[in-house]
Amino acid sequence: MRTAGRSEYCVIACAEAWRENGEVLASPMGLIPSIGARLAKRTFSPGLLLTDGEAMLVGLDGTVEGWLPYRRHLTMVTGGRRHVMMGASQIDRHGNQNISCIGDWRRPARQLLGVRGAPVNTLNNPVSYWVPRHSTRTFVERVDMVCGVGYDNAAAAGPSATRYHRIPRVVSDLGVFDFETPDRAMRIVSLHPGVSVGQVREATGFDLAVTGEVPCTREPTPDELRLIRTVIDPAGLREREVAS
């Protein structure tokens with residue numbers, strides 16, 4: 001079996017976000033996070049709950065296992081029983097995320113998706129992020145508008161905002177990052193093969209924390225590669241998001 005490509009390291013890094021989560025609803029937004037969630041359920045996180053993206057809980061083969069009406073979904077959303085992996089048009093050093101607009105919100109240079117459910121997601125559930133193109137346009141000193149709430153703003157809002165607030169990890173096409181620092185600033189956890197600390201710092205609009213020697217992102221096992229390539233994504237759609 002050929003060596004793992006960059007997209008497969010990204011899949012593994014996303015899957016690891018759900019390790020030891022137990023029976024929670026995985027809500028991946030994006031292709032590689034979706035592949036990662038399904039891989040996690042097939043391997044080290046069998047208790048994960050997956051949906052069809054609308055209103056049904058589904059098994060590994062897509063078989064409907066249960067109904068997830070909106071009222072039940074809201075119960076899970078407000079109780080920390082869901083782990084979302086969202087995208088980010090901008091994300092800053094403390095994990096504030098923007099998907100609404102670029103520039104001053106009163107007269108933006110570019111209108112994006114809008115705030116949508118980002119505040120509720122981040123205040124009521126663990127939320128990780130997936131960024132397929134790591135650059136200074138996305139990793140910014142300060143987001144133009146706070147949609148997903150970061151550690152600094154959650155702390156400022158008080159206990160009602162911090163009870164379920166947690167950002168386990170940020171995954172990009174260059175590496176994996178978290179906020180396990182004294183001031184909850186973004187830290188390099190691992191870098192994908194071929195990526196240097198200098199390269200990722202150059203592509204980031206703020207100073208990243210580094211603790212000791214930065215390891216490589218975990219390599220997929222042969223069985224994980226088999227599942228990715230022949231069961232979960234045999235068409236290789238992951239390569240469209242991150243080329244190997």
Side-chain angles (χ1 to χ4, degrees), residues 6 9-10 13-14 17 27-33 83-123 125-157 161-162 165-192 194-211 214 217 241-243:
R6 178 70 63 84
Y9 276 94
C10 291
C14 288
S27 295
M29 300 177 187
L31 177 60
I32 282 181
H83 185 168
V84 186
M85 182 168 280
M86 298 177 65
S89 300
Q90 292 180 328
I91 188 166
D92 66 25
R93 69 170 68 245
H94 293 294
N96 296 290
Q97 170 248 32
N98 175 26
I99 52 172
S100 183
C101 63
I102 302 299
D104 189 331
W105 68 270
R106 290 166 295 190
R107 193 179 181 86
R110 182 170 297 176
Q111 181 68 52
L112 304 175
L113 289 174
V115 175
R116 302 182 71 85
V120 174
N121 286 343
T122 48
L123 295 185
N125 305 273
V127 174
S128 294
Y129 292 105
W130 160 242
V131 180
R133 297 288 181 273
H134 192 129
S135 74
T136 53
R137 295 179 62 182
T138 302
F139 288 76
V140 297
E141 178 68 34
R142 185 181 181 131
V143 297
D144 291 337
M145 181 173 181
V146 175
C147 299
V149 180
Y151 279 102
D152 55 346
N153 282 308
T162 57
H165 179 271
R166 187 164 64 90
I167 307 174
R169 62 174 45 198
V170 177
V171 180
S172 80
D173 61 328
L174 298 184
V176 181
F177 311 86
D178 68 11
F179 300 88
E180 297 301 316
T181 57
D183 61 348
R184 292 296 194 179
M186 192 181 295
R187 177 185 71 156
I188 304 175
V189 174
S190 69
L191 297 177
H192 306 326
V195 178
S196 68
V197 171
Q199 181 182 349
V200 76
R201 279 180 162 162
E202 185 176 347
T204 305
F206 52 86
D207 289 334
L208 287 161
V210 178
T211 305
V214 178
T217 302
E241 199 161 36
V242 175

> Just so I know, are the side chains of M186 and I91 near enough to count as touching, which here means a heavy-atom distance under 4.5 Å?
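They are in side-chain contact.
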> Which atom pairs, one a donor and one an acceptor, fall under 3.5 Å between side chains of residues 140-154 and the rest of the protein, sequence neighbours left out?
from, atom 1, to, atom 2, distance (Å)
E141, OE1, R93, NH2, 3.0
E141, OE2, R93, NE, 3.2
E141, OE2, R93, NH2, 3.3
D144, OD2, Q90, NE2, 3.2
D144, OD2, G103, N, 2.8
Y151, OH, I167, N, 3.0
D152, OD1, N96, ND2, 2.8
N153, ND2, N96, OD1, 2.8

> So do V127 and V84 actually touch side chain to side chain, heavy atoms under 4.5 Å?
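Yes, side chains in contact.
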> Kindly compute the distance separating CG (D173) from CZ (R133), expressed to the nearest 0.5 Å.
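With rounding to 0.5 Å, CG (D173) is 6.0 Å from CZ (R133).
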> Please give me the minimum heavy-atom distance between D92 and F179, naming the atom from each residue.
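Looking at all heavy atoms of both residues, the closest pair is O-CE2, 4.4 Å.
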> When rounded to the nearest 0.5 angstrom, what is the spacing between NE2 in H94 and CZ in R184?
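If I round to the nearest 0.5 Å, the distance is 11.5 Å.
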> Any idea which heavy atoms bring T138 and A88 closest together, and the distance?
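Nearest heavy atoms, T138 then A88: CG2-O, 3.6 Å.
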> Where is the tightest heavy-atom contact between M86 and A118, given as atom of each residue plus distance?
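Nearest pair, atom of M86 first, then A118: CE-CB, 3.7 Å.
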> Will you find, in the side chains of S100 and N98, an N or O donor that is under 3.5 Å from an N or O acceptor?
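Looking only at side-chain atoms, N98 and S100 do not form any donor-acceptor pair under 3.5 Å.
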> How far apart are the closest heavy atoms of S190 and V214, and which atoms are they?
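Between these two residues, the closest heavy atoms are CA-CG1, 3.9 Å.
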> Quick one: closest heavy-atom pair of F177 and V200, and the distance?
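Shortest heavy-atom separation between F177 and V200 comes out as CZ-CG2, 3.6 Å.
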> Mind checking the OG1-NE2 spacing from T136 to H134? Nearest 0.5 Å is all I need.
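Here the interatomic distance stands at 9.0 Å.
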> Can a salt bridge be assigned to the pair R187 and D178 using a cut-off of 4.0 Å between side-chain N and carboxylate O?
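Salt bridge between R187 and D178, a charged N being under 4.0 Å from a carboxylate O: yes.
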> Could you measure the distance from the NE2 atom of H192 to the OG1 atom of T217? Nearest 0.5 Å is fine.
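Result: 4.5 Å between the selected atoms.
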> Flag the pair V171 / Y129 as yes when at least one side-chain heavy-atom distance between them is below 4.5 Å, and no otherwise.
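Side-chain contact under 4.5 Å: no.
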> When rounded to the nearest 0.5 angstrom, what distance separates SG in C101 from CZ in R107?
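The distance works out to 13.0 Å.
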> Do the side chains of S89 and R110 get nearer than 4.5 Å, heavy atoms only?
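SC-SC contact between R110 and S89 ruled out.
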> Does any non-hydrogen side-chain atom of N121 lie less than 4.5 Å from one of Q97?
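Answer no - side chains too far apart.
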> Nearest 0.5 angstrom please: E241 CD to L31 CG, how far?
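These two atoms lie 5.0 Å from each other.
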> Could you check whether any side-chain heavy atom of Q199 comes within less than 4.5 Å of a side-chain heavy atom of L191, counting everything from C-beta outward?
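Not touching, per the 4.5 Å side-chain cut-off.
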> Can you find a pair of side-chain heavy atoms, one from I102 and one from P108, that are under 4.5 Å apart?
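I102 does not reach P108 side chain to side chain.
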> Quick one: does R6's side chain get under 4.5 Å of L174's, heavy atoms only?
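The answer is yes; the side chains approach within 4.5 Å.
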> For residues L208 and R201, report the shortest heavy-atom separation together with the two atoms involved.
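The pair with the smallest heavy-atom distance is O-NH2, 3.6 Å.
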